[in-house]
Participant: 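Below you will find the structure I want to go over with you.
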Amino acid sequence: MLLLSSTLATSLSYALAIFNQVPNPTIFLFNTLISSSLTAKYRHTHVAFSLYSRILTHTSLKPNNYTYPSLFKACGCHPWLQHGLALHTHVLKFLEPTSYDNFVQASLLNFYSKCGKVGVCRYLFDQISKPDLGSWNSILSAYAQNAGSLNGVSSNNVDDINLSLEVLFLFSDMQRSLIRPNEVTLVALISACADLGALSQGSWAYAYVLKNKMKLNRFVGTALIHMYANCGCLDLAYKVFDEMPERDTFCYNAMIRGYAIHGRGQEAIGLFEKMGNEGLVPDDVTIIVTMCACSHVGLVDEGCNYFESMADYGLEPKLEHYGCLIDLLGRAGQVKEAEERVRTMPMKPNAILWRSLLGAARVHGNLEIGEVALKHLIELEPETSGNYVLLSNMYASLNRWDDVRRMRKLMKDRQINKMPGSSIVEVDGAMHEFLIGDKTHPHTREIYLKVDEMSRKVQEYGHKPRTGEVLFDIEEEEREDALSYHSERLAIAFALIASASSLPIRIIKNLRVCGDCHASTKLISKIYEREIVVRDRNRFHHFKDGTCSCSDYW
DNA sequence: GTAGGGTTAG
């Protein structure tokens, strides 16, 4: 046994050879070997599963509570839904109820989380009679990770907001249960705040880290950088980055992304260089965020160079890298080159990529390519209303009203689920959500009076509403009204009424923006002498004194 | 003596 544990540290195959000579291996020995074959160093899943089947076929052996956690962990890494489901049935069949402990439950929960089954996770969590720190961390991470993961869908998803909010609620439940959080807990909490754009709660979490003398390790640090960058506080993000005792590729990626979403391309490139000087090697995410930074400020050649440099780092371009490349070329107006790249790329383009091309075609007025992109997009996502609206607005900008009507009819015929635009504004630490034409807020009357005042003032400044825009949920005859009462303007009006502070108005989530908003918000920032920060998908627009730092696409 | 929970991109 002693020989086996010492050899495990150096060679798994040698350890296996010794193990095979043991005449009657105990379940303890099997468990040790299974977990050893699944460390970060080895990850020999086939070895682990063949050992597990040997336990099952052995007449005198039975798996116990130490057997399952590492196996579930392995299933979660890939993730192997079918294997995990089979294991779950084994747990129910072979384990004594007393062996079904917090470790088994947490690993099972974590496996379902990796497969995106948050509902199952919640069910499992509610079954745990006395959740310990590990159980709480598992459920918090399950919600936080599934809110953050895109799975090919837009990150500006209403369900994501609910999942992230649930992390905040669960955290307060955890505190009531008197279990003390650790760094892992805080990472989940901070990630949820990042997703929500919840600056006050996120800052509170950072204060909690400091007050409780927790470590600013690379996980906590990276989550904080991400949170501050997502809340529009790039300087605070950099402060955390600067103060971290150890920096790895992950935290560099988070900081470069921060610069990217704020349109600070040069700083992002500077950090890429600094990373190399510190002896850190870029990974495929580094390339994505750096290319993204280039595309936001029109550094086309630099962005293309990063794409080409991947081979130097031993990296193979993935679909996401092609996505960045198309975005880079498309935003810069090289729509034909972008389309050429889409046609010649080695893998099948996904919806994100076609949408990027469609967006570029719309901005740069290339109707032909726009129509081609839309055709593919509708094949891939026939029920996403935003795709139809993108093209429809393109027709509107070219005064092709017959086509606009045709698109609207197509949406109606296909019974496309309309997703209303929504905006969430943070006022004094609380979040308020508004939908287009929303009349549910308790201060609706005052808000609408303020919006009318705003509309009058922007029109006095010469702003003309873009009546051709297709708006969700709104019939043609109501469209002009809808433009005045779109969610962004309602949110700004509420912030102007509710907070006299001179701090910027923070719109922390903006779902489905119409093109009219941008121009009117610029004027509002000037007229009301208030800075307005709008987080639109994964991008920030800083409106100040009639200008906006991010002008592409609109 | 064996086991679970964490960061980044689109």
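In what follows, every chain begins at residue 1, and chains take the letters A, B, ... in the order their sequences are listed. Because the structure is predicted, anything quoted here is derived from the model rather than measured.
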Participant: Rounded to whole Å, please give me the gap between CG in A:L377 and C1' in B:dG10.
Facilitator: 15 Å
Participant: Please determine, for the side chain of A:P69, which listed nucleotide (B:dG4, B:dA9, B:dT8) has the closest atom?
Facilitator: B:dG4
Participant: Could you check whether A:D132 gets within reach of a base, just the sugar-phosphate, or nothing at all, counting any heavy atom under 4.0 Å?
Facilitator: base
Participant: Can you label the angle between the A:F30 ring and the A:H58 ring as parallel, tilted or perpendicular, going by 30° and 60°?
Facilitator: perpendicular
Participant: Look at all strands and tell whether A:G134 reaches a base, only sugar-phosphate, or nothing, counting heavy atoms closer than 4.0 Å.
Facilitator: base
Participant: Can you tell me how far C1' of B:dA9 sits from CZ of A:F307, to the nearest Å?
Facilitator: 15 Å
Participant: Counting only side-chain N and O atoms of A:S35, is one of them less than 4.0 Å from OP1 or OP2 of B:dA3?
Facilitator: yes
Participant: If I take atom CE in residue A:M227 and atom C1' in nucleotide B:dT7, what distance separates them, rounded to the nearest angstrom?
Facilitator: 13 Å
Participant: Rounded to whole angstroms, how far apart are CG on A:L140 and C1' on B:dG4?
Facilitator: 14 Å
Participant: Which residue, A:L325, A:L319, A:L380, forms the side-chain contact (heavy atoms from CB on, under 4.5 Å) with A:L353?
Facilitator: A:L319
Participant: I want to verify a distance call: between B:dT2, B:dT8, B:dG6, whose nearest atom is closest to the A:V187 side chain?
Facilitator: B:dG6
Participant: Tell me yes or no: between the side chains of A:N253 and A:T286, is some donor less than 3.5 Å from an acceptor?
Facilitator: yes
Participant: Just compare B:dG6, B:dT8, B:dG10 and give me whichever is closest to any side-chain atom of A:S141.
Facilitator: B:dG6
Participant: Reckon A:N64 touches a base, only the sugar-phosphate, or nothing at all at heavy-atom distances under 4.0 Å?
Facilitator: nothing
Participant: State which of B:dG10, B:dT2, B:dG4 makes the closest approach to the side chain of A:T32.
Facilitator: B:dT2
Participant: Within the 4.0 Å heavy-atom criterion, would you say A:E183 contacts the bases, only the backbone, or no part of the nucleic acid?
Facilitator: base
Participant: Round to the nearest Å and state the distance from A:M214 atom CE to B:dG6 atom C1'.
Facilitator: 13 Å
Participant: Expressed in angstrom and rounded to an integer, what is the separation of A:Q145 atom CD from B:dT7 atom C1'?
Facilitator: 10 Å
Participant: How many whole angstroms separate atom CD1 of A:I27 from atom P of B:dA3?
Facilitator: 13 Å
Participant: Determine whether the aromatic ring of A:F103 stacks with the base of B:dG4, defined as ring centroids separated by less than 5.5 Å and ring planes inclined by less than 30°.
Facilitator: no
Participant: Taking the six-membered ring of A:F241 (Phe, Tyr or Trp), confirm whether the NZ or CZ of A:R247 is under 6.0 Å from its centre and within 45° of its axis.
Facilitator: yes
Participant: Once you apply a heavy-atom cut-off of 4.0 Å, does A:K114 come out as touching a base, just sugar-phosphate, or nothing?
Facilitator: sugar-phosphate
Participant: Output the rounded distance in Å from CG (A:L357) to P (B:dG10).
Facilitator: 19 Å
Participant: Verify the contact: side-chain N or O of A:H226 to OP1 or OP2 of B:dT7, cut-off strictly under 4.0 Å; return yes or no.
Facilitator: no
Participant: Within the 3.5 Å criterion, strictly below it, is a donor on A:Y252 or A:E278 matched to an acceptor on the partner's side chain?
Facilitator: yes
Participant: Answer with base, sugar-phosphate or nothing: what part of the nucleic acid does A:L133 contact at a heavy-atom distance below 4.0 Å?
Facilitator: base
Participant: For the side chain of A:N217, starting at C-beta, report the closest nucleotide among B:dG4, B:dA9, B:dG6.
Facilitator: B:dG6
Participant: Taking the six-membered ring for Trp, are A:F49 and A:H83 closer than 6.0 Å centroid to centroid?
Facilitator: yes
Participant: Choose from B:dT7, B:dG10, B:dG6 the nucleotide whose nearest atom is closest to any side-chain atom of A:S191.
Facilitator: B:dT7
Participant: Should the side chain of A:D101 and the base of B:dG4 be counted as holding a donor-acceptor pair, with the cut-off at 3.5 Å?
Facilitator: no
Participant: What nucleic acid atoms does A:S135 come within less than 4.0 Å of, heavy atoms only: base, sugar-phosphate, or nothing?
Facilitator: base
Participant: Any stacking of A:Y66 on B:dT2, going by centres under 5.5 angstrom and planes within less than 30 degrees?
Facilitator: yes
